Student: 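Sharing a structure with you now.
Values in this document were obtained by computation on a predicted structure and should not be read as measured data. The chains referred to below are lettered A, B, ... by the order of the sequence lines, with proteins before strands, and numbering in each begins at 1.
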Amino acid sequence: MIPAMTLTSRIKEVTKQALQTLYPDIDINLSLVAVNQTKPEFTGDYTVVLFPFVKQLRQKPDVLGKQLGDHLVASNPGFFTGFEVVSGFLNLSINDNEWLGFLTATVGKENLVEKTATGKKVMVEYSSPNTNKPLHFGHLRNIFLGYAMAEVLEANGNDVVKANLINDRGIHICKSMIAWQRAAGGATPETANVKGDHLVGDYYVKFNDIYKEEVAALVAGGMEEAVAEKEAQIMKDAQEMLVKWEAGDQETRELWERMNSWVYKGFEVSYKKLGVDFDKMYYESNTYLLGKEIVERGLEKGVLFKKENGSVWIDLTADGLDEKLLLRGDGTSVYMTQDLGTAVLKYNDFKLDQSIYVIADEQNYHMQVLKLILQKLGEPCADGIFHLSYGMVELPSGRMKSREGTVVDADDMIDEMISLSKEQTEQAGKTEGFTEDELKVLYETIGLGALKFYLLRVDPKKKMIFNPKESIDLHGFTATFIQYAHARICSILRKEGVSLNGNEGFDSLKLKEAIAPAEKKLVLALEQYSSILEAAAEEYNPSLLCNYSFHVAQLFNSFYDAHSISKAENEEKKQLRLMMIIITANTLRHAMNLLGIRLPEKM
RNA sequence: GGUCCGGUAGCUCAGUUGGAUAGAGCAUCAGCCUUCUAAGCUGAGGGUCAUUGGUUCGAAUCCAAUCCGGAUCACCA
């Protein structure tokens, strides 16, 4: 279906037409037509900026504004009701019936915006954890961002595959295995009563403790530190284990599978709690050998070159980058090698038009190089690669460091948020009329909503600072604020016996009096939703939905304060306001749903 | 050192291809619950948009230089 044209784009269109009609002999650059929302201190709804045209048309802004305004009102009598020219700005007033038309067309639709299918297959890879430690706060930003981005792209008509590439092999995995063998005494998640990913993570920490001790002992014995770091027994053991793993040693593989299975069970619990899912899992243990063939082909093509010791490189200096290693001298692959292979694998698996990687900005260079190499190799997957780069989450004291124990654990954070929401709900005395089970759901809805919103509300590109001491607020620019507005609406609708997908009887509504300012502001914002949704996809920025939803909730609260819905001045007003709040609730739901945030009907 | 990213109110952040007197939230202060949920609303104070120069009718936004902070440039992953 063809989406209805937004008001701003309609205004742009008629303005372009008007300019061409008024100045048929002048070739005007119509892309300069800018339509903004009129500032509250002026009368009008939308504003056309006149400055871009005054020079070319040789008119004073005021004269041009008058001309354009007269023409627009005259040629679109049902659309504009009037205009005002203020120092170079043409402020246009829109006919209330346009707003009414939007409301009646939108009310009751749960799927507010039906975007035309793009026919594009898009993969979003996110989360992509290591199996040697539990998820931490930084991972949460990745997970929420990836999930939200996938949903936003889907809502914009793309066919989306959510993928997770699990880093389940390598020296870091062997470290927790070695430490577990040495120090766990056979402990399992069951016997230790610890979530599997946490148990394995504990032994990863343990490895570092033992390692430090061993290095210290060697140094005390007169060895140089750099040498000691290589000679420490536990490090040698880990490296030996990696060799055994790669050779397929049965005992090693069994332990590896056993410990990984603990981690997966733990992750599953966390993912489920977070409300995120994946369509396709990739495991590095299956993909780490990929890419060598691609490198071979690159050598044949002459895109890559071999050094004396047999290592394979690509020269990117012409692109302002460095030389990059793709195969070691002994023929084994490096990180980049497998990433080349995985990129091609993904492409072949799904015939992707676009492949999005949600990865922190510390890997900007890596991703730039990855794409560039694939392009130089002429791989068809290359151009579709997009790095959705996001800033790291830092503590006031700086980056989280697992070795210094400053990492904020994801599971702890979730639990903390849920108990915070419980505390606040009880404090506000809002638990009446709920069963125990309902309260449990409510606390999760509020707690997780707050957490997700907190991490999604900032532009992904920017790094963010999280202060655990202050925890996360449930007032102001938060999911709670939006949830509360939604609950208020649902409460009214319950009392009025109107449902969110009901649209009975609204068609025949005729306006008898002007839409009031507080009403107008809300309708105006609601009408902009579909363009916000598009922008969120185009800019790969779900935070736009946070800002927008908060703004709508704010406008609703002011509106709610100024006007009674149930006891409206007359039946027309009541109908109008019911439509407005139904669409408000559906808009908030739609937007928050895409971010994985649920809105309660009571709170 | 090369490349890239960032610097907006005390704090955390918005600020659409350049547009009107730079906006929110938190915190501070002052008001608002016999009326649909006060997790709310209304108002006040708070700014050299890092600095300097340039581009023009107009710059937080574009360009250049400088200062500060961060990331990255491994036969690590």
Student: Please confirm whether the shortest side-chain N or O distance from A/K495 to OP1 or OP2 of B/U37 is below 4.0 Å.
Tutor: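 Looking at the OP1 and OP2 atoms of B/U37, one of them is under 4.0 Å from a side-chain N or O of A/K495.
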Student: Compare the minimum distances between each of B/U72, B/U56, B/A77 and the side chain of A/E284, then state the nucleotide with the smallest one.
Tutor: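 Side chain of A/E284 sits closest to B/A77.
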Student: Roughly how far apart, to the nearest Å, are B/G69 and B/C26 at atom C1'?
Tutor: 24 Å
Student: Is the base of B/C33 syn or anti, where syn means the angle lies within 90° of 0?
Tutor: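 It is syn.
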Student: Taking only N and O in the side chain of A/S558, is any of them less than 4.0 Å away from OP1 or OP2 of B/U42?
Tutor: yes
Student: Are A/R577 and A/E569 close enough for a salt bridge, meaning some N to O gap below 4.0 Å?
Tutor: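 Looking at A/R577 and A/E569, the cut-off is met.
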Student: Return no unless some side-chain N or O of A/R328 is found under 4.0 Å from OP1 or OP2 of B/A77.
Tutor: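 Answer yes for this pair, as a side-chain N or O of A/R328 is under 4.0 Å from OP1 or OP2.
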Student: Please tell me which of A/T478 and A/L442 maps to the more 5' nucleotide of RNA chain B, matching each residue to the nucleotide holding its nearest heavy atom.
Tutor: A/T478
Student: Is any side-chain nitrogen or oxygen of A/K463 closer than 4.0 Å to OP1 or OP2 of B/G70?
Tutor: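 Result: no.
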Student: Need the pair for B/C26. Rule: Watson-Crick or G-U wobble, both distances under 3.5 Å, any strand; none if unpaired.
Tutor: B/G10
Student: Please state whether the base of B/A20 and the side chain of A/T47 form at least one donor-acceptor pair under 3.5 Å?
Tutor: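 Donor-acceptor pair under 3.5 Å: yes.
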Student: Does a side-chain N or O of A/H475 approach OP1 or OP2 of B/G40 to a distance below 4.0 Å, or not?
Tutor: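 Indeed, a polar side-chain atom of A/H475 lies that close.
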Student: Would you say a side-chain N or O of A/R494 is under 4.0 Å from OP1 or OP2 of B/U37?
Tutor: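 No, because none of the side-chain N or O atoms of A/R494 sits under 4.0 Å from OP1 or OP2 of B/U37.
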Student: Looking at the side chain of A/N91, which of B/C36, B/A20, B/A39 is the nearest nucleotide?
Tutor: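 So the nucleotide nearest the side chain must be B/A20.
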Student: Give a yes/no answer on whether the side chain of A/S491 brings an N or O atom under 4.0 Å of OP1 or OP2 in B/U37.
Tutor: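 Answer is yes, contact under 4.0 Å.
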Student: Take A/I446 and A/K462, find for each the nucleotide of RNA chain B with the closest heavy atom, and name the residue whose nucleotide sits nearer the 5' end.
Tutor: A/K462
Student: Who is the Watson-Crick or G-U wobble partner of B/C4, with both distances under 3.5 Å?
Tutor: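 By the stated definition (distances under 3.5 Å), B/G70 pairs with B/C4.
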Student: With rounding to whole Å, what would you report as the distance between B/A44 and B/U8 at their P atoms?
Tutor: 25 Å
Student: If you check the A/T38 side chain, which of B/A20, B/U72, B/A39 turns out closest?
Tutor: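 Ranking B/A20, B/U72, B/A39 by closest atom to the A/T38 side chain puts B/A20 first.
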Student: Checking contacts here: which listed nucleotide (B/U37, B/A77, B/A39) is nearest the side-chain heavy atoms of A/H366?
Tutor: B/A77
Student: Check whether any side-chain nitrogen or oxygen of A/K461 sits under 4.0 Å from OP1 or OP2 of B/G6, and answer yes or no.
Tutor: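 Looking at the OP1 and OP2 atoms of B/G6, neither is under 4.0 Å from any side-chain N or O of A/K461.
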Student: Counting only side-chain nitrogens and oxygens, does A/N557 get under 4.0 Å of the OP1 or OP2 atom of B/C41?
Tutor: yes
Student: Could you state the atom-to-atom distance from CG of A/L30 to P of B/U17 in whole Å?
Tutor: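 These atoms are roughly 19 Å apart.
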